[in-house]
Each structure stands twice: as structure tokens, then as C-alpha cells.
Amino acid sequence: MENSFRLLNIDSQIEELSEKTEEKYKEDFEKISEIELYNQAKVLKAFKDAEISQVHFSKTTGYGYDDIGREAIEKIYAQIFHTEDSLVRIQFVNGTHTIATALEAMLLPGDKLLAITGKPYDTLCEVIGLIENKLSLKSYGVLYDQIELKEDGGFDFPKIKEYIENNKVKLIHIQRSKGYALRKALLIEDIEKVVQLIKSIDKNIIIMVDNCYGEFVEKREPTDVGADIACGSLIKNIGGGLCETGGYIVGRKDLIELCSQKLTCPGIGKECGATLGQNRYILQGLFNAPAVVKSALHAAILASGMMAELGFEVYPRADEKRGDIVQAIKLGDKEKLIKFIQGIQYASPVDSHVTPYPWNMPGYTDQVIMAAGTFVEGASIELSADSPIREPYVAYMQGGITYESAKLAICQAIQNMIGE
């Protein structure tokens, strides 16, 4: 029988490198599998406690009043994140929309927003007003400041302490994932320490965490360690590859109520929002999510180990503890970057015949190249890779519904890059 790698014309040397990498990091693979089992138990218990049945998959249209499936979903999310309430809606178009909704709901003219993980992800810059927009928070009179992370990627505790002791801050924004930056994603233990510091100085400051790419990577979530609000996208980790659209916000009940009224309008809040037959996908995707996140993390370890062996800088290293599913690979060369990302596309189940090129993507200041041969458009829990076209030319790879397909794609991308 023909070798599986040869079916895709992958060179035997690359195959051997993948197998050696798997053996070298076997213990790291096993640690992730143990985390997955815990998170799967947590999700299963929430489903059992909510007594999920076929009736919760029913479709609502129009106003979406009395959607018992939607209500069950929000109960499950609140239980998993150990929060008072949640807002899980297909009306959110992406992760940026959920974060923007939360910020707009909680910040009024004259309030100050402080980002303590440096400049937020590119698509939030226009929301805040770092890039001019007539509907930005800045245009409404919301004040903004930021504190950079230290060179080692950790919080600058002295600066944070000094700032909030001497300034009136309404909301602190924490971005858990690295975004388009060369740093490690934040661990829950990192977030826990900074939350304790902030609350010891001013317990009224709202702490909001952008949780995109971080769900189920560890046993705990940001809301387990004191974050007031956490936000994310249903087409990333927590959607398990099945959600077709949507986002979530979890946290304090009073804050969730504000967010719901910003998403719909004052006086309606959570009462409306047709689910249009998406409840089963949301529930089944959530149930699958711990296993899918495990596959994505295993793929990240493999890519990190193989690329490091080939002499490239990787963030994080294969044996480092992870705070998200994103693997950054510093290629240092524009052509290598493009070839690597194109190689991921060539090994995708959808649009493998398409060649991605850099383009002017909405919300980004630099051109972006993106490989996303996914069943759900833009779903980055499915294997994808992307990068802004700027030095030092870093590929950001994430996802993998199955580890086996991700492994083949990573090998394809490496081969395409090195030209064998």
C-alpha cells in the first residue's frame, strides 16, 4: 500500500522529521491530552446539568422570543466559565465584534480604557480610535492609554500599579493571545496575578479579557481567576469547527445585561435574537471543542518542533506551556513566508487549488496573506495560517480539526517553503 505522505507527494525526509519531532515531544503531547480530558468532563457536566435534549435544537425566526435552546446554551456557557451570566449569539459577526460590543456597552464619554498588554490586535485599533473613525470610542469621548508588556512578554506590574494609583480607570483590557506580535500568549496564572494586583488597588475597575484562541487550552479560564468579562468567537476554539458564525461574552450579570442591550437595543437586551437553526451546531461544536483544541495544540507543537529543527525562531517553543493555539514562526524572509502559507492552503480540504496572495484586508493597515481552506469561512480553529506582510515576516498558524490532517498540511507547507 502506498505511503500516506507519498499520496500527497511529501518527501520522505520531511516525513522522518515529523516522526522524530513527535517522539521528542511525546510528553508534551500527553500533557495536552490530560487537559483535554478535564475540559471534556467540564463540558459534559454542563450539558447534563442543563438536561440538553432534541427540543433544544429547534429553530426560531423573527424576534426569537422564548428560544429555549438559546437559553440553555447561555446557561451552559455560564457554567463552563463559572460566571453569573453569558451572551452567546449568532448575531456577533466575529471576535472583534464581541469585544467592541463589550467595550461600547461599558464605556461612556469621559471613561478611561487602559490596555495592559500593549497595542491591541489590529482590528481593534479602529474600534478604539487609534486609527481614525467617526464611530470609534475616541470619537465618543472615551479616553485611552496603554502599558506595554515587558521584553519577556510578562506584565509590567510596577507600571500598572503606578498608573491605576494615579489615574481613574474604568476598564482594563487584556489580550490573552499574541495577535500579530512575537510574544508568548498569556497563561491563566499570569492573568491571575495581575487581576489580584488590580483588584487590591481598585476593586471597581472592570477587567475584560479577549479570550480568542485561548478557550480550553488550560483547565482554567480568565473568569476563573477574577476577570469580570471574557469575550470570544464561535468560529475559533469554542465552536469546535461546527459553528457557522457568532460570538460569546461571559461574566457578571450586570455587565452582560449592558452588553445585550448594546448588541440589540435598550429595553430589549437578551429577549430577542432568532437562532435560525444554529443551536445544534453551537451545542455540538462546544461539545467537540476540547478534543478539537487538543488536535490544534498537538499540531502547534509539531510545527514548532519541526521549524526549530530547521533553524527558525518559534514562539512558543515546542516544550513550552501554552496560553493559546497560535504558533508563530519567524521566517525572516517575505518569499519564505508566502510559500509557507501557500503550502498550508495547498493541503487544505477546501480550495486546495487556490493560491493565496497578500491583499488589502479590511481592518488591517498592512497587506495580509491568509491560508484558510476551511469548511466555515474564516474559521481559525480549522487549520489556517496568516500574516501581515511586514518585517520580520512571521507566519501565524493555528487550528486543526484533526491532528492527522494538520500534520500533513504542516509537512506540505515546509516542503513548499524549502522547494523540495
Lys/Arg-Asp/Glu bridge criterion (N-O < 4.0 Å) met for [X], [Y]:
{"X": "Arg220", "Y": "Glu192", "result": "yes"}
{"X": "Glu36", "Y": "Lys294", "result": "yes"}
{"X": "Asp156", "Y": "Lys150", "result": "no"}
{"X": "Glu151", "Y": "Arg183", "result": "no"}
{"X": "Lys270", "Y": "Asp85", "result": "yes"}
{"X": "Asp324", "Y": "Arg176", "result": "no"}
{"X": "Lys219", "Y": "Glu34", "result": "yes"}
{"X": "Glu335", "Y": "Lys339", "result": "no"}
{"X": "Glu189", "Y": "Lys321", "result": "yes"}
{"X": "Lys203", "Y": "Asp228", "result": "no"}
{"X": "Lys184", "Y": "Glu320", "result": "yes"}

Would the distance check show the side chain of [X] and the main-chain N or O of [Y] forming a donor-acceptor pair, the cut-off being under 3.5 Å?
{"X": "Thr374", "Y": "Val376", "result": "yes"}
{"X": "Gln40", "Y": "Ile35", "result": "no"}
{"X": "Lys236", "Y": "Ala379", "result": "no"}
{"X": "Glu104", "Y": "Ser136", "result": "no"}
{"X": "Gln345", "Y": "Asp351", "result": "yes"}
{"X": "Ser387", "Y": "Ile389", "result": "no"}
{"X": "Glu148", "Y": "Gly118", "result": "no"}
{"X": "Gln284", "Y": "Leu242", "result": "no"}
{"X": "Tyr357", "Y": "Ile338", "result": "no"}
{"X": "Asn166", "Y": "Glu162", "result": "yes"}

Locate the shortest heavy-atom distance separating [X] from [Y]; write the atom from each residue and the value.
{"X": "Lys59", "Y": "Gly277", "result": "CG-N, 3.4 Å"}
{"X": "Arg89", "Y": "Cys272", "result": "NH1-O, 2.7 Å"}
{"X": "Tyr25", "Y": "Gly305", "result": "CE1-CA, 3.9 Å"}
{"X": "Leu186", "Y": "Gln175", "result": "CD1-O, 3.6 Å"}
{"X": "Gly110", "Y": "Leu143", "result": "O-CD1, 3.9 Å"}

Q: Mind telling me whether His298 and Tyr403 have parallel, tilted or perpendicular rings, with 30° and 60° as the class edges?
A: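 Tyr403 vs His298 ring planes: perpendicular.
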
**Q.** Parallel, tilted or perpendicular, as decided by the 30° and 60° cut-offs, for the rings of Phe92 and His97
**A.**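 Taking Phe92 first and then His97, their aromatic rings stand perpendicular (interplane angle over 60°).
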
[X], [atom1]: over 12 other non-hydrogen atoms inside 6.0 angstrom:
{"X": "Lys42", "atom1": "NZ", "value": "yes"}
{"X": "Lys112", "atom1": "NZ", "value": "yes"}
{"X": "Glu71", "atom1": "CD", "value": "yes"}
{"X": "Glu271", "atom1": "CD", "value": "no"}
{"X": "Glu30", "atom1": "CD", "value": "yes"}
{"X": "Lys170", "atom1": "NZ", "value": "yes"}
{"X": "Phe157", "atom1": "CZ", "value": "yes"}
{"X": "Lys168", "atom1": "NZ", "value": "no"}

Q) Should His173 and Leu124 be marked as a side-chain contact (heavy atoms from CB on, under 4.5 Å) after you check the CA-CA gap, both sets of side-chain angles, and the distance that decides it? A) CA-CA 11 Å; His173 171 271; Leu124 275 177; 3.9 Å; yes

Q: Determine, step by step, whether Tyr315 and Glu313 satisfy the side chain to side chain donor-acceptor pair (under 3.5 Å) criterion, reporting the C-alpha distance in whole Å, the side-chain angles of both residues, the deciding distance to 0.1 Å, and the verdict.
A: CA-CA 7 Å; Tyr315 303 82; Glu313 291 182 37; 2.6 Å; yes

If you measure only the distance, is there a donor-acceptor pair under 3.5 Å linking the side chains of [X] and [Y]?
{"X": "Asp386", "Y": "Gln398", "answer": "yes"}
{"X": "Gln327", "Y": "Arg322", "answer": "yes"}
{"X": "Thr101", "Y": "Thr98", "answer": "no"}
{"X": "Tyr346", "Y": "Gln415", "answer": "no"}
{"X": "Thr83", "Y": "Thr223", "answer": "no"}
{"X": "Thr275", "Y": "Asp67", "answer": "yes"}
{"X": "Gln146", "Y": "Tyr163", "answer": "no"}
{"X": "Asn211", "Y": "Glu221", "answer": "yes"}

(Q) Please determine whether side-chain contact (heavy atoms from CB on, under 4.5 Å) holds for the pair Asp202 and Ile205, giving the CA-CA distance in whole Å, both sets of side-chain angles, and the decisive distance to 0.1 Å. (A) CA-CA 6 Å; Asp202 186 347; Ile205 292 176; 3.6 Å; yes

Q: May I ask you to check if Lys334 and Tyr393 form a cation-pi contact, with NZ or CZ under 6.0 angstrom from the six-membered ring centre and within 45° of the axis?
A: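 No, Lys334 and Tyr393 do not form such a contact.
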
Could you tell me whether the side chain of [Y] reaches within less than 4.5 Å of the side chain of [X], counting heavy atoms only?
{"X": "Leu337", "Y": "Val394", "result": "no"}
{"X": "Ile131", "Y": "Thr365", "result": "yes"}
{"X": "Met417", "Y": "Met307", "result": "yes"}
{"X": "Tyr281", "Y": "Leu286", "result": "no"}
{"X": "Ile238", "Y": "Ile80", "result": "no"}
{"X": "Ile229", "Y": "Arg252", "result": "no"}
{"X": "Phe155", "Y": "Asp190", "result": "yes"}
{"X": "Ser18", "Y": "Lys407", "result": "yes"}

Q. What about Phe81 and Tyr248, are their ring centers closer than 6.0 Å?
A. yes

Q | Intermediate values then yes/no, side chain to side chain donor-acceptor pair (under 3.5 Å), Ser405 and Thr402 | A | CA-CA 6 Å; Ser405 63; Thr402 70; 2.6 Å; yes

Q: Could you go through the side-chain contact (heavy atoms from CB on, under 4.5 Å) check for Asn39 and Phe216 one step at a time?
A: CA-CA 6 Å; Asn39 284 323; Phe216 298 138; 3.7 Å; yes

Q.
One pair to check against side-chain contact (heavy atoms from CB on, under 4.5 Å): Leu171 and Asp111. What are the steps and the verdict?
A. CA-CA 8 Å; Leu171 188 148; Asp111 289 340; over 6 Å; no

